[in-house]
Amino acid sequence: MNIAVIGLGYIGLPTAALLAASGHRVYGYDVNAPLRHGLQHGHLPEMEPPVRDAVLGALRDGHLHVLDRIPNAQAYVMCLPTPTHEGKPDLRYVEAAAAAVAAVAEPGAILVLESTVPPGATERVIEGALAAAGKQIGDFHVAHCPERVIPGAIMTELRTNARVVGGRTPQDARIVRDLYASFCEGPISVTSLAVAEFVKVVENTFRDVNIAFANELAIFAEELGVDVWETIELANHHPRVNILAPGPGVGGHCIPVDPHFLSDANPFVTELIQSARRVNDRMPYRIVRRIAELVDPGRGRKIALLGAAYKADVSDARESPTVRVDTLLRERGYSTAIYDPLVERFHRPLCGTLEETVSDADALILLTPHTLFATIRPEAVASLMRTPRLVDTRKFFDTADWQRCGFECYVLGRPFKSVAVRAVA
Ligand code: SAJ
């Protein structure tokens, strides 16, 4: 089949590569001209190594071509970002792509939207775009097939995850299921457009609400003077309980964003979802408040931050809690230094070495639990810091080791010194 993939970002490119590897003739298009030209010359943006290999392979063997316009094709797969602004979904990228596709697509073509959208949006946007081009939606096969891959394992999950295909008609769903079956080894369920849209947003909202629950428990446990980590571990031994882990906030471009697609559509029945968002958004403030209790804000106080990425072992720092924690600390008069050897792009310069980061610091905060941080030796860090204090927001380090090296330690969700005393009193 001739397939055009519109939007060559972190989902579009690997999807194009997989379709190409499955024998389709794939044409990639992105509005970003420097990206297109780079790809046409084999220059790839920063991406996970397995994605890079697959894309380079597809470009080299000629099954994937990056074009400067959207060609006429049998199928169009649209993979555009759908950010939110002040809690409102911004569908402009999807609308622009749909309009561009509608202008060239011929009756009988397959139109698939992979972007996460509020329920009802796929049909509304595609129907509107086709109508504006003087075409009828009934002459096309229209489906929503949301991407569900986890950053860090994109290639594997694209191949093996279960997929949901929502069709405008049952026939549309079956046609698109067969297209995805050409590269997806996981089970593919067919349903309506609105259910597929709802499923995707619900999955990420489930995770946001579950993490908010864990965060609320962490705060509760601190007040109670008990260990939330032990509590969650023991509760999760129950066969029907699976509480996620607390942390300094929820980052990434999906989980903190997608719940807004539901709360914006119906603010009156989404109390729990909105409240979970607030709980997670407040976590950076809570961490900074604890730091202020440990280190008097004042001139010359330095805080070292470990981790800029939004989660472990990825290079992506979008919506990272580190950004918020860093900003709040600096607003309160601390100077900060951030260390994350995995991250290349950040809103301010990162430190080149751990030594430079911790040198003369009054506290060290672990924000992102990168595996490579496990090799950090507390004795080496202690000798460089002005005051050896550790704030561990992920229960990452063995604090007994750090305490032996003279560190005062605070772990999120474990009794905090002043609070523990209050609880006992
Ligand atoms: N986090 C916690 N505690 C946890 C788990 C995660 O605080 O127990 C934090 C992470 O540190 C991170 C944030 O949540 O800051 C989000 O990380 P994540 O691993 O939960 O999710 P993402 O954003 O990397 O990917 C999610 C995935 N969705 C689900 O697991 C339901 C992925 O499958 C989706 O494809 C992706 O969103 C997306 O593109 O929508």
Inset, instruction - Could you label the plane-to-plane angle of the Phe373 and Tyr339 rings as parallel, tilted or perpendicular, counting under 30° as parallel and over 60° as perpendicular? - result: tilted
Legend entry - salt bridge (Lys or Arg N to Asp or Glu O under 4.0 Å) partners of residues 262-279, not counting sequence neighbours, each pair once: Lys88-Asp264, Asp208-Arg277, Arg277-Asp281
Legend entry - Short side-chain donor-acceptor distance under 3.5 Å, Thr399 and Gln403: no
Mind listing the side-chain donor-acceptor pairs of residues 25-35 below 3.5 Å, one per line with the distance, residues two or more places apart or on another chain?
| from | atom 1 | to | atom 2 | distance (Å) |
| --- | --- | --- | --- | --- |
| Asp30 | OD1 | Asn32 | N | 2.9 |
| Asp30 | OD2 | Leu8 | N | 2.7 |
| Asn32 | OD1 | Leu35 | N | 3.1 |

Under 3.5 Å, which donor-acceptor pairs link side chains of residues 245-258 to any protein atom two or more places apart or in another chain?
| from | atom 1 | to | atom 2 | distance (Å) |
| --- | --- | --- | --- | --- |
| His253 | NE2 | Arg318 | NH2 | 3.2 |
| Asp258 | OD2 | Asn204 | ND2 | 2.7 |

Legend entry - N/O donor-acceptor pair under 3.5 Å between Thr368 side chain and Ala309 backbone: yes
Inset, instruction - For residues Val125 and Leu113, determine if any side-chain heavy atom of one lies less than 4.5 Å from a side-chain heavy atom of the other. - result: no
Inset, instruction - Using atom types as modelled and distance alone, determine if a side-chain donor or acceptor of Thr322 lies under 3.5 Å from a backbone N or O of Gly307. - result: yes
Inset, instruction - Any salt bridge (Lys or Arg N to Asp or Glu O under 4.0 Å) involving residues 363-387? Give me the pairs, sequence neighbours left out, ordered by first then second residue. - result: Asp362-Arg386, Arg377-Glu379
Legend entry - Contact list for residues 42-62, test side-chain hydrogen bond (donor to acceptor under 3.5 Å, both in side chains), sequence neighbours left out: Glu46-Ser315
Which pairs would a plain distance check flag for residues 89-99, meaning a side-chain donor or acceptor within less than 3.5 Å of a matching protein atom at least two apart in sequence or in another chain?
| from | atom 1 | to | atom 2 | distance (Å) |
| --- | --- | --- | --- | --- |
| Asp90 | OD1 | Arg92 | N | 3.0 |
| Asp90 | OD1 | Arg92 | NE | 3.0 |
| Asp90 | OD2 | His85 | NE2 | 3.2 |
| Asp90 | OD2 | Arg92 | NE | 3.4 |
| Asp90 | OD2 | Arg92 | NH2 | 2.7 |

Inset, instruction - For His144 and Leu193, work out which heavy atoms get closest and say how close. - result: N-CD2, 3.5 Å
Inset, instruction - State whether a side-chain donor-acceptor pair under 3.5 Å links Arg389 with Tyr410. - result: no
Legend entry - Glu331 atom CD: more than 12 heavy-atom contacts under 6.0 Å: yes
